[in-house]
Structure formats: structure tokens, C-alpha cells
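What follows is a short report on a single structure.
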Amino acid sequence: MDEVIRVEGLTKNFGQLQVLRGIDCSVRSSEVVCVIGPSGSGKSTFLRCLNGLEEASGGRVLVHGVSVHDNSTDVDALRSEIGMVFQRFNLFPHMTVLDNITLAPTKVRGVPLEQAREQARALLIKVGLLDKIDAYPNQLSGGQQQRVAIARALAMQPAIMLFDEPTSALDPEMVGEVLSVMQTLAEEGMTMMVVSHEMGFARRVANRVLFMDEGVLVEEGTPEEIFDRPREERTRRFLSNIL
Amino acid sequence: MEPILWFGWFRADIIAEYGVMFWRGLQMTILVTTICIMQGTALGLAIGLARLADARHSPARQICRYLLRWPSTVYVSFFRGTPLFVQILLIHFAVLPLFINPADGLLISGETARSLKQNYGAFISGILALTLNSGAYISEIFRAGIQSIDRGQIEASRSLGLSFARTMTHVVLPQAFRRMLPPLGNNAIALLKDSSLISAIGLAELAYTARTVAGAYSRYWEPYLSISFMYWTLTLGLAWAVKKLEARYGRGDTR
Ligand SMILES: Nc1ncnc2c1ncn2[C@@H]1O[C@H](COP(=O)(O)OP(=O)(O)OP(=O)(O)O)[C@@H](O)[C@H]1O
Ligand SMILES: [Mg+2]
């Protein structure tokens with residue numbers, strides 16, 4: 001049972017504002033963990049600390065035993081092991097879909113271009129967008145852009161994928177296509193940490209759900225435990241607000 | 001040779017007589033402008049990046065502030081806050097002799113210095129002054145262009161494992177460059193026109209040629225109107241080239 005990520009006493013302040021107040025958790029290989037919680041509770045900040053996009057104020061984050069926030073750590077190498085998918089896609093608008101996907105493998109890993117392209121085609125088949133291979137991001141719908149963003153992250157063959165509200169910027173009719181790609185990934189054994197309020201997805205796919213409020217992990221358990229029999233009052237209140 | 005009188009008052013024969021000199025002047029103007037656009041862009045990129053340099057940990061943090069941001073800010077402020085004409089005079093008559101001087105030049109001295117100064121003095125100072133000046137303006141264009149790129153682009157690139165330098169070259173600068181093309185084009189046009197100021201230190205470019213011709217004949221319409229049209233044609237050409245570039249590189253930009 002190998003651990004992909006281990007978080008120990010993670011804290012994060014923005015000036016006076018304490019956003020994360022001591023978080024401990026770990027994610028095992030092939031596990032799918034959903035993080036839920038009210039707006040402003042620190043979910044995005046938490047995910048961003050995991051791959052070093054944010055500096056931690058205290059505590060540690062270990063990815064395969066390597067400390068993310070150590071000065072001696074090669075963050076670039078570490079980040080290439082951690083895929084991240086953003087709420088607002090963040091595709092590179094000046095590149096075609098193909099170039100978006102091959103950029104990191106060729107530049108960071110030194111994969112030969114032809115091989116990277118072959119792999120990109122395979123990934124586009126997987127997310128159902130092979131016909132858009134030469135399109136530019138602004139020619140795609142939101143759901144299509146997000147699926148390309150997932151393919152782009154997968155091209156680095158990461159050990160874990162982080163998703164920060166991947167469907168909340170999408171029109172409702174496009175949510176399903178993105179979630180089903182994510183579900184396929186989970187079924188293939190990808191380790192995933194997903195910030196999302198898609199309860200249906202969490203119930204179907206997640207092994208564990210974390211409820212975060214005001215920078216602390218209030219409660220964790222299986223989807224059934226959290227959604228059907230929450231122990232904490234704060235969890236109950238949050239769930240009754242969003243359902 | 002029969003004088004050709006085009007409009008009665010416009011003595012085109014004067015222009016024809018000095019045709020070779022105007023042609024040389026035109027070439028010099030184009031040469032100086034081209035060199036300064038290229039060097040100014042390189043310098044502007046370096047200074048623009050220096051003005052944005054920052055780091056999370058000391059001592060890199062202090063290095064960025066005191067050795068990069070602070071000097072580059074002063075540099076830009078000086079060259080934007082003083083007249084180009086004064087900068088040209090300062091560099092030609094004060095700075096250059098300090099470095100290239102037959103007696104005690106810091107960089108070059110002796111006979112080489114004498115001939116260099118005599119033959120290329122105005123050329124070197126002119127290019128130096130114009131490069132330094134346009135570098136200051138271009139750095140502001142780079143800075144604004146880089147800052148206009150959404151933070152999410154940088155985060156996406158870094159989270160794929162691309163280093164800061166690779167993120168700049170593959171993600172930020174190509175996008176910033178598209179947005180910078182119009183102001184860079186305006187800057188190139190300004191540079192072309194400003195190159196006429198170098199005539200004051202005796203570089204034989206277009207404006208200097210016109211002045212020479214005007215002095216020889218005490219005729220002013222012919223030489224100055226002629227070079228006006230030459231400058232005008234050049235600026236129109238530049239504007240056209242920038243438009244072409246914009247059309248070519250504008251793909252995929254959503255803004
Ligand atoms: N760069 C920053 N500087 C200052 N404060 C910040 C910064 N980033 C986030 N915050 C603050 O940290 C708190 C937590 O933000 P975060 O984005 O992590 O919340 P969240 O749980 O993801 O919320 P949401 O569901 O709205 O996305 C908020 O109060 C936010 O204003
Ligand atoms: Mg968030």
C-alpha cells in the first residue's frame with residue numbers, strides 16, 4: 001500500500017489571514033479523494049500547496065517521500081509527476097491542441113516529437129477529441145477545452161492528478177462529458193484528488209470524501225458516511241445548503 | 001545639363017545632382033534604424049525582465065531587488081525622463097570620449113581610437129544613444145505585455161513541470177509578443193523618425209544630407225520636402241509590415 005502524497009500539519013497564511021490551519025492527510029496509490037467545503041474554506045489553496053504553486057507557511061507535503069517545499073527539492077521535476085487541472089482550463093491559446101499536449105513531454109522529458117505526437121493522439125482518442133487535434137483552444141467549447149486540459153496533464157504520465165473544480169466553469173450540459181472522462185481515469189487506477197461539489201460523481205467514484213471548513217479538515221469518510229450520515233454539525237449544515 | 005522644373009518653383013535638378021548622397025543618407029537612416037530596433041528590442045526584453053524579477057527566498061530576493069529591479073527602474077526613468085537630443089549630445093561629447101580616446105580611453109586608446117572616432121564616432125554614439133533610449137521605452141512595452149498574461153497560464157505551465165525560463169519562452173513571451181506588436185510598431189516608427197536627431201553630431205543620414213544640400217544652394221523646399229516624403233514612405237512601409245505580422249501571429253488569441 002504505497003502512499004503517493006502525505007501532508008503533515010500543513011498551514012498557510014496570506015499575511016494576517018490564516019487559510020490553512022494544520023492539515024494532515026495522505027493519499028494512497030489508485031485512491032480517489034474528493035474534497036468538499038464552503039467557498040473560501042481553502043480547498044484551492046490546499047491543492048496548490050500540494051504541487052508547490054503556493055509556498056507552505058508551516059508543515060510538510062511529501063510526494064513519494066520527497067518534500068515539496070524544501071529549497072533543495074527540484075520542484076520542476078516533482079511537478080511533472082503531479083498533473084493539475086484548473087477550473088478555468090488554462091490551455092495555451094497560441095498553440096493548437098496537439099502542441100498544448102506535446103509541449104511538456106518534449107521540453108521537460110525530452111521525449112522525441114514524433115513519439116510525443118503519437119502519445120497525444122492516443123490521449124485525444126481517450127478523451128474523445130481526436131478530430132480537434134489541430135484546433136486552437138478558442139475554437140473549442142468549455143467541456144472540450146477541459147478534456148484537452150486533462151489530456152495535457154496526462155501526457156506527463158503523472159503519479160497523481162489534482163482537479164480544482166474542473167466542472168464549475170462549465171455550462172451544465174458539458175459537465176457530464178468531463179466527469180465521464182474523469183471516471184474512466186479513476187477506473188483505470190489513476191490516483192486522484194478532486195475538489196468538486198458534484199455529489200453524484202463523488203458517490204460513484206470517490207473512495208474517500210474530505211470535508212474542509214475554515215482551513216481545517218473537519219470530517220472524512222466514505223461517500224456514504226459523509227453524505228448520508230455526517231457526524232459533524234458543520235458538515236450537515238454545508239450539505240443541506242448545497243443539496 | 002538642362003534644369004528640369006517640375007512645378008516651376010521646385011528645382012528637382014538639385015535633388016538629382018545630390019541623388020547619390022540622398023541615396024547614401026537613406027541607406028544610413030535605414031541601417032541605423034534597423035540596428036537600433038534589434039538592439040533596442042533585445043535590451044528592452046532584458047530590462048523588462050529585470051524590472052519584473054522577483055524570488056521567494058533570500059539571497060535571491062535581495063539580489064532581484066537591489067541588483068535588478070532598482071537599477072533597471074532608475075535606468076528607464078532616466079532615459080524616458082530626459083530629451084533624446086540631450087542624450088545624444090551627452091553620449092557623443094562626454095561618454096564616448098571617456099571610453100574611446102587617443103590619450104587615455106578606458107576601452108580603446110592610441111591610434112585606433114583616433115581613427116575610430118574620426119570615421120565612426122557619430123555612428124557609434126548615435127546608435128548607442130538611440131539603442132539605450134529605445135531600450136527604455138521597449139522595456140515598458142515588454143513589462144506591460146508580460147504582465148497582461150493571465151496568471152493561470154504561468155501556473156498551468158509550471159504545474160506541467162516547465163521551468164520559469166521555459167514558461168517564459170514557450171508560454172508567456174509568445175502570447176505577450178502578439179499584444180506587444182502594435183506598440184512595438186509605434187516604437188519602431190518613432191525610432192525611425194528620431195534617428196534624424198543624430199544629424200546633429202554629424203552622421204550622414206537623411207536629415208544631414210538635406211541640411212548639406214540646403215546649405216549649398218540656400219534652397220529649403222527641395223531637400224526638406226524630399227526627405228519628408230522618404231521618411232513618410234518608410235513609416236508607411238513599417239506600419240504595413242507590422243500589420244502583416246499582426247495578421248500572421250494573431251491566431252488563437254482570444255482577446
Ligand atoms: N493569493 C492570495 N492572497 C491573499 N488571499 C488569498 C490568496 N489566495 C486565496 N486567498 C484567500 O484564501 C481563502 C481561501 O481561498 P481558496 O481559494 O483556497 O478557497 P476555496 O475553498 O477554493 O474557495 P472556492 O470554493 O470559492 O474556490 C480565501 O479567503 C481567499 O480570499
Ligand atoms: Mg477554489
Side-chain angles (χ1 to χ4, degrees), chain A residues 44 47-48 50-56 69-72 74-97 99-109 134-140 145 148-149 152-158 161-162 164 169, chain B residues 45 53-65 141-142 144-184 242 244-255:
Chain A
S44 298
L47 276 200
R48 294 157 56 82
L50 297 185
N51 71 350
L53 280 182
E54 295 287 0
E55 290 281 283
H69 298 99
D70 254 11
N71 279 349
S72 57
D74 179 356
V75 246
D76 294 331
L78 200 72
R79 282 187 184 129
S80 67
E81 301 282 321
I82 308 173
M84 188 156 198
V85 174
F86 301 85
Q87 189 173 356
R88 297 189 49 241
F89 330 133
N90 295 342
L91 292 179
F92 306 131
H94 59 301
M95 294 180 189
T96 62
V97 165
D99 293 341
N100 262 277
I101 299 175
T102 55
L103 177 71
T106 52
K107 300 298 172 197
V108 179
R109 292 265 165 79
D134 292 319
Y136 282 86
N138 64 358
Q139 298 167 326
L140 303 180
Q145 288 190 51
V148 173
R152 179 177 70 176
L154 289 175
M156 292 302 278
Q157 295 166 332
M161 289 278 284
L162 309 175
D164 190 0
Chain B
L45 173 61
D54 204 356
R56 279 169 171 172
H57 307 283
S58 53
R61 199 181 170 78
Q62 279 72 29
I63 290 175
C64 284
R65 175 178 300 167
I141 298 175
F142 270 102
I146 290 169
Q147 280 179 327
S148 79
I149 302 303
D150 183 22
R151 278 197 61 80
Q153 291 289 307
I154 298 169
E155 290 177 355
S157 173
R158 295 307 302 273
S159 71
L160 285 166
L162 277 89
S163 63
F164 176 78
R166 286 220 168 97
T167 298
M168 274 291 155
T169 49
H170 296 295
V171 175
V172 177
L173 288 177
Q175 291 183 62
F177 183 64
R178 277 144 228 255
R179 293 184 192 165
M180 284 164 19
L181 266 175
L184 279 178
V242 171
K244 281 270 152 196
L245 277 176
E246 272 178 68
R248 174 146 165 220
Y249 290 108
R251 298 203 66 179
D253 198 341
T254 42
R255 289 204 3 180

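Letters go in sequence order (proteins before strands), and every chain restarts at 1.
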Quiz item: When heavy-atom pairs shorter than 4.5 Å are enumerated against chain B, which of A/Leu91, A/Val85, A/Leu78 gives the highest number?
Solution: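 Most heavy-atom pairs within the cutoff with chain B belong to A/Leu91.
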Quiz item: Do you know which of A/Arg88, A/Glu81, A/Arg48 has the most heavy-atom pairs under 4.5 Å to chain B?
Solution: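 It is A/Arg48.
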Which bit of [X] comes within less than 4.5 Å of chain B, counting heavy atoms only: side chain, backbone, both or neither?
| X | answer |
| --- | --- |
| A/Arg152 | both |
| A/Leu162 | neither |
| A/Phe86 | side chain |
| A/Leu53 | both |

Practice problem: Under the side-chain hydrogen bond (donor to acceptor under 3.5 Å, both in side chains) rule, collect the residues that match up with A/Asn71, sequence neighbours excluded. | Solution: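 Only B/His57 meet the side-chain hydrogen bond (donor to acceptor under 3.5 Å, both in side chains) criterion with A/Asn71.
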Quiz item: Distance-only, no hydrogens or angles: does the A/Arg79 side chain make a donor-acceptor pair with backbone N or O of B/Leu162 under 3.5 Å?
Solution: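 No; zero donor-acceptor contacts below 3.5 Å.
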Quiz item: Can you name the nearest heavy-atom pair linking A/His94 to B/Gln175, along with the distance?
Solution: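 The answer is ND1-CG, 3.3 Å.
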Quiz prompt | Considering all heavy atoms, the nearest A/Val108-B/Arg166 contact | solution =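 Closest approach of A/Val108 to B/Arg166, heavy atoms only: CA-NH1, 4.5 Å.
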Quiz prompt | Close approach to chain A in residues 151-161 of chain B, criterion heavy atom under 4.5 Å | solution =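 Within residues 151-161 of chain B, the residues under 4.5 Å from chain A are B/Gly152, B/Gln153, B/Glu155, B/Ala156, B/Ser157, B/Arg158, B/Ser159, B/Leu160, B/Gly161.
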